[in-house]
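These notes are about the structure you will find just below.
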Amino acid sequence: PAAPLALVLAALAVVGAAGPRHATPEITAAHATTALRAPARGRSTSAVSLPPLLSTRTELPDVLFVLSESIRAADYSASGARPTARAAAAVTAGRVDLTEMRAVSSYTAVSVSALLTGRSQEGSRDEILRAPNLFDVAHATRDAAGSAPVVLYVSAQSETVFEAKDVRASIDRFVTVETILGRDVDDAEYVTVPLDRLVTERLETELAAVDRGAAVFAVLHLAGTHAPYFVDEANAPYAPYSHVVTWSGMPELHRAYEDAIVAQDVVVARAIRAFLAHHPSRPKVVLFTSDHGEAFGEHGAIHHGQNLFDEQIHVPAWVWASPGALSPTEEAALAESRARFVTHLDLLPTLLDVLGLADNTALRDARAELDGRSLLRRVPPDAPPLVVPITNCTGMFPCPLDTWGLLADRRKLVAQRGDGDWQCFALDGPERHAPADDRTCATMRERSRTTYASLPNGRANR
């Protein structure tokens, strides 16, 4: 339709004029339904200092956390009619794919904050930023000999993706696109510069520089699947493709996206091989997910950030562990999570267990504030479902289109600015409206009253 397309072009024009790369990669996306508001830029100035945290693991495992960009679950597969992720699957045989993983936002900046802190993002920014994050915990971890892992962050993203400017304090090797290229990149360069390959080469260099006796906690943050999508022309099975955003050319744009996933998957496999080759006798754990999904015309949207429908928050995720890295009980619990409804907020509790820290008394208060459950612990059959707030709007990152809600037990309660009331969707199968008498929907409506003072349309949430 002409009107929505005009909005896409208007959004791109605003993006081009505003110099959005000073904020986060999301600002550069075509939001497809509205012009953009400038994000707030307040940032934390206080570092979180933790005492040494003694792991209960007999041997501290090496950990590689691969965080991808804009990959939706529907287009990530190692098999089927249109496979896009065969290479990584080939080097992670036996992994557990978490088929019902949801992000809690469809913006990178908000999603990264949730992943790092294990906390939903609708609350006070100061409180969230004062919470210890994943890097703080990894930096404070100690093995039985008192040695700490080497914490690496190697990223194809800009350093401005972090809300807290002091995140470097807990990272031993901090590498971003500015480190590698000497500058940030603009959107057009996502197509021409092989950012994911460059940062993977840098990860290989950083791993080689780590003493082989030291444990490693590495985060590889990728970007090539962000619009307008990096395609390796020598390995692009889905053609013809195009990087141009038009409604009539949506199939070609979608094929470029699929090819970008293929190109990135080759890089992910390379990174995993380098990780496994570093001190190969040490136990290893690899975790993969994407910050959010991507829309290709569904619900009138292109790219991401406009809403919280499943194409924008249902993401791939998987966990692979070397033999003996996890206990038999942990392996069984992880296997039970394969088709369980889980969210990004479950990943920090899981990594605490991986590091042997989940029951550390020094983390008791911080752990009580986490909004998820470890995937390495069995969920009792009578445990109530977790109710998880989801939002694209925070004090740090105002929405171009207000939208927020809740997730629980394959149900989603959500509203956007133009909605007169909450809508509840069933997620057990294709996303659809839940029955009017659905009990989980009723529970979420009740919970929403203590979580959100108003609906996105401004009406009081009573």
Side-chain angles (χ1 to χ4, degrees), residues 24 26 40 44 48 67 98 100-134 136-137 162-164 289-293 304-305 307-310 312-315 317 341-352 363 365-375 383-399 402-416 422 424-425 427 440-441 443-456 461:
T24 69
E26 260 45 289
S44 165
V48 177
L67 178 56
L98 305 166
E100 295 297 328
M101 176 63 75
R102 263 59 175 193
V104 297
S105 177
S106 61
Y107 276 129
T108 293
V110 182
S111 183
V112 167
S113 179
L115 283 162
L116 291 181
T117 64
R119 301 179 63 161
S120 57
Q121 298 295 295
E122 83 291 349
S124 159
R125 299 319 299 165
D126 286 343
E127 182 179 340
I128 290 170
L129 291 171
R130 284 197 300 268
N133 64 42
L134 178 60
D136 298 324
V137 171
F162 293 110
E163 183 175 358
T289 194
S290 180
D291 55 359
H292 51 71
H304 53 267
N307 60 55
L308 295 165
F309 288 111
D310 248 20
Q312 296 200 29
I313 67 166
H314 187 190
V315 294
F341 190 80
V342 295
T343 76
H344 276 169
L345 301 183
D346 296 315
L347 297 184
L348 180 54
T350 299
L351 286 166
L352 291 179
L363 291 175
D365 292 343
R367 192 171 61 249
E369 297 296 329
L370 298 180
D371 292 313
R373 294 184 176 122
S374 171
L375 304 176
L386 293 179
V387 180
V388 174
I390 56 176
T391 185
N392 280 345
C393 312
T394 73
M396 178 274 296
F397 199 78
C399 280
D402 289 345
T403 180
W404 52 75
L406 299 159
L407 290 173
D409 195 24
R410 290 184 168 82
R411 295 293 184 270
K412 179 194 300 176
L413 188 76
V414 69
Q416 299 182 81
W422 297 110
C424 195
F425 295 90
L427 305 177
T440 303
C441 293
T443 297
M444 288 195 292
R445 282 179 177 272
E446 184 63 31
R447 169 68 182 274
S448 77
R449 296 186 179 98
T450 59
T451 305
Y452 300 108
S454 68
L455 277 79
N461 185 27

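Residues: numbered from 1 along the sequence shown. Note that the coordinates shown come from a computational prediction; the quantities given were computed from them, not determined experimentally.
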Practice task
State which residues pass side chain to side chain contact (heavy atoms under 4.5 Å, CB included) with Ala453; sequence neighbours excluded, sorted by chain then number.
Solution key: none

Problem - Residues in salt bridge (Lys or Arg N to Asp or Glu O under 4.0 Å) contact with Arg367, at least two apart in sequence or another chain - result: none

Exercise for the section: Go through the structure and list residues passing side chain to side chain contact (heavy atoms under 4.5 Å, CB included) with Glu127, not counting sequence neighbours. Expected result: Arg119, Ser124, Arg130, Glu369

Completion exercise
With sequence neighbours left out, the residues meeting salt bridge (Lys or Arg N to Asp or Glu O under 4.0 Å) with Glu122 are none

Exercise for the section: Quick one: sort the His304 and His292 rings into parallel, tilted or perpendicular, breaks at 30° and 60°. Expected result: tilted

Fill in the blank from the handout: Residue set satisfying side-chain hydrogen bond (donor to acceptor under 3.5 Å, both in side chains) with Arg449, at least two apart, ordered chain then number -> Glu446

Completion exercise
Contacts of Thr443 meeting side-chain hydrogen bond (donor to acceptor under 3.5 Å, both in side chains) (sequence neighbours excluded), chain-then-number -> none

Handout entry: Listed partners of Asp310 passing side-chain hydrogen bond (donor to acceptor under 3.5 Å, both in side chains), at least two apart
Key = Arg102, Lys412

Exercise for the section: Not counting sequence neighbours, which residues clear side chain to side chain contact (heavy atoms under 4.5 Å, CB included) with Ala366? List them please. Expected result: Pro132

Exercise for the section: Considering non-hydrogen atoms only, spot the tightest contact between Leu308 and Ser106 and give its length. Expected result: CD2-N, 4.1 Å

Handout entry: Donor-acceptor contact present, side-chain Asn461 to main-chain Ser448, <3.5 Å
Key = yes

Exercise for the section: Answer yes or no: is there a side-chain heavy-atom contact under 4.5 Å between Ser120 and Leu345? Expected result: yes

Handout entry: Beyond-backbone contact of Cys441 with Trp422, side-chain heavy atoms, under 4.5 angstrom
Key = no

Exercise for the section: With sequence neighbours excluded, tell me which residues meet salt bridge (Lys or Arg N to Asp or Glu O under 4.0 Å) with Arg447. Expected result: none

Handout entry: Atom pair CD1 (Ile390) and CG (Leu407), whose distance is rounded to the nearest 0.5 Å
Key = 4.0 Å

Fill in the blank from the handout: Hits for ring pair (Phe, Tyr, Trp, His ring centres under 6.0 Å) against Phe425, two or more places apart or cross-chain, chain-then-number order -> Phe309, His433

Practice task
Name all residues meeting the side-chain hydrogen bond (donor to acceptor under 3.5 Å, both in side chains) criterion together with Asp346; count only those two or more places apart in sequence or in a different chain, and write none if there are none.
Solution key: none

Handout entry: Any donor-acceptor N/O pair, Gln121 side chain to Cys393 backbone, under 3.5 Å
Key = no

